[in-house]
Structure formats: structure tokens, C-alpha cells
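Here's the structure we're looking at; comments come further down.
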Amino acid sequence: MKKLACTLLVLGLAACGQAVETKTAAMTETQNSFSKEAAFELTPEQFATAFNAAARSYGQAFRINKVDVQHGSAHDYFQQTFSSGISLTAAVSKETGHVTSVTALVAEDNSQADSRSNVLAISEVVAATVNPKLSKNKSAELVTDMMKEVGSNSDASKFPQRFVNNVRYVLRNGSGIGYWWIANPV
């Protein structure tokens with residue numbers, strides 16, 4: 001009887017140990033899936049190459065000549081300033097080294113038409129860069145539609161966003177400041 005009780009106890013402990021191990025592995029896997037941030041399949045250098053190709057394709061003069069990744073506390077990032085009050089900032093994952101977000105800022109100038117034209121130009125190039133499956137016509141339609149929506153929206157707290165091919169696009173208009181075009185993977 002004593003032998004049987006010991007055998008059951010050993011088997012019970014072994015089963016408990018496996019359950020704890022399995023639970024721990026499942027918890028670790030769940031934690032890892034939550035900690036992984038979405039990223040484009042582009043390193044900063046690949047992003048610059050794709051951006052320059054998209055700019056040429058759209059007949060735009062935007063070029064990223066050098067990627068100088070800066071190290072931040074939460075994300076690394078690189079910035080590029082273009083003419084006409086246009087800048088681009090890309091967040092870079094510290095874990096993977098891939099681009100996690102792209103924000104183009106177009107400063108509002110005296111001519112609303114010029115600002116809107118600049119937003120359209122940089123937004124199409126960014127959309128084509130992070131989403132190469134997006135056709136020229138579709139990216140132009142996407143940006144134009146969002147520009148109309150932000151132009152007709154008197155509530156500054158609302159902003160248009162679209163989800164296309166696992167990319168989230170957002171257009172913000174800070175009255176008097178300018179426009180932000182943001183692209184994030186989802």
C-alpha cells in the first residue's frame with residue numbers, strides 16, 4: 001500500500017509539474033505576442049530606398065539621401081526635412097530594427113491650396129512606400145478622399161482614417177499648424 005501511495009504521489013507531482021510548465025509556456029507565448037509591436041517589413045535603409053523609388057514613380061522631388069537613426073527612450077527614429085515645410089519621421093523598433101510608424105508633417109502656409117497640394121504629394125509617396133500593393137490610382141483616391149473629409153469636418157477632434165492591406169492611414173489637421181499623415185501597420 002505504501003508503495004502504491006508513493007507511486008501515485010510521484011505521478012501526481014509529475015503531472016502537476018507538467019501542468020505548471022505548460023501553463024508557464026502558454027503564458028510566456030501570450031506575453032510575447034502582446035509585446036511584439038507591428039512593424040513594416042522595412043529597415044530604415046530599405047524604407048529610404050522604397051521611398052525614393054515611390055517619389056520618382058510619382059514624379060515628386062522628395063529624396064532621402066541619408067538615414068541617420070537616432071536613439072530614443074521608447075523607439076529609435078529617423079527624420080528627413082524636405083523643402084516647403086514638409087518633414088518625415090519614421091519610428092524604428094528597438095527589437096527588430098524595422099520601421100513601425102511613418103509620420104509626414106506638412107506645415108500650413110499662407111496658401112491653403114499649396115498646403116493641400118503638399119499633403120497630397122507626400123501622402124501618396126508614403127502610402128506607396130509602406131504599401132507597395134496599393135496602385136497609384138488607389139493611393140491618390142485614398143488621400144484625396146481623406147483630404148475632402150478633413151476639409152469638410154468642422155470638428156477638429158475627429159480625423160479620417162482608413163485601413164488598407166493591413167496598414168492604417170490617419171490624416172490630422174491642426175488648424176493653423178498643418179497636416180499630419182500617419183501610416184502604421186496593423
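Atom CH2 of residue W181 and atom CE of residue M146 lie 4.0 Å apart, to the nearest 0.5 angstrom. Taken from OH in Y169 to CG in L134, the straight-line distance is 5.0 Å, to the nearest 0.5 Å. With rounding to the nearest 0.5 angstrom, the OH atom of Y179 is 4.5 Å from the CZ atom of R116. We find the OG1-CG distance between T103 and L88 to be 8.0 Å, quoted to the nearest 0.5 Å. Note that CD1 of I122 and CD1 of I86 are 6.0 Å apart. Values are rounded to the nearest 0.5 Å. Note that CD of E95 is 9.0 Å distant from NE2 of H75, once rounded to the nearest 0.5 Å.
Other cluster members for F163: V186, joined by side-chain heavy-atom distances under 4.5 Å among Ile, Leu, Val, Met, Phe, Trp and Tyr.
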Would you sort out whether T89 and L105 count as a side-chain contact (heavy atoms from CB on, under 4.5 Å), showing the intermediate values?
CA-CA 8 Å; T89 303; L105 174 63; over 6 Å; no
Does F159 form a side-chain contact (heavy atoms from CB on, under 4.5 Å) with L171? I'd like the steps, not just the answer.
CA-CA 6 Å; F159 52 92; L171 178 63; over 6 Å; no
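Between the side chains of Q46 and H98, no donor-acceptor pair is found at a separation under 3.5 Å. At a cut-off of 3.5 Å, with distance as the only test, no side-chain donor of S87 or Q80 sits close to an acceptor on the other residue.
Residues that satisfy the salt bridge (charged side-chain N to carboxylate O under 4.0 Å, His left out) test with R162, not counting sequence neighbours, are D145, E149. Under the rule for a side-chain contact (heavy atoms from CB on, under 4.5 Å), the partners of N184 that lie at least two apart in sequence or sit in another chain are S101, R168, I182. By the ring pair (Phe, Tyr, Trp, His ring centres under 6.0 Å) test, F78 is found to be paired with F47, residues two or more places apart in sequence or in another chain being considered. When the side-chain contact (heavy atoms from CB on, under 4.5 Å) test is applied to S135, the partners found at least two apart in sequence or on another chain are N137, K138. With sequence neighbours left out, T49 forms a side-chain contact (heavy atoms from CB on, under 4.5 Å) with no residue at all. When the salt bridge (charged side-chain N to carboxylate O under 4.0 Å, His left out) test is applied to K94, the partners found at least two apart in sequence or on another chain are D76. With sequence neighbours left out, the side chain to side chain donor-acceptor pair (under 3.5 Å) criterion links E45 to no other residue. In this structure F40 satisfies the ring pair (Phe, Tyr, Trp, His ring centres under 6.0 Å) test with no other residue, sequence neighbours excluded.
When all heavy atoms of V130 and A183 are compared, the pair lying nearest together is CG2-CB, 4.0 Å. For the residue pair G178 and N173, the shortest heavy atom distance occurs at O-OD1, 3.3 Å. Considering all non-hydrogen atoms of both residues, V164 and N131 come closest at O-ND2, 3.0 Å.
For residues 115-141, no pair satisfies ring-ring contact (aromatic ring centres under 6.0 Å, His included), with sequence neighbours left out. Counting only residues at least two apart or in different chains, side-chain hydrogen bond (donor to acceptor under 3.5 Å, both in side chains) contacts with residues 120-130 are absent.
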Result block: side-chain N/O donor-acceptor pairs under 3.5 angstrom for residues 52-67, not counting sequence neighbours:
unit_1	atom_1	unit_2	atom_2	d
N52	OD1	I64	N	2.7
N52	ND2	A48	O	3.3
N52	ND2	I64	O	3.0
Y58	OH	S139	OG	2.5
R63	NH1	Q60	O	2.9

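Put simply, the side chain of V69 does not reach to within 4.5 Å of the side chain of Y77, judged on heavy atoms.
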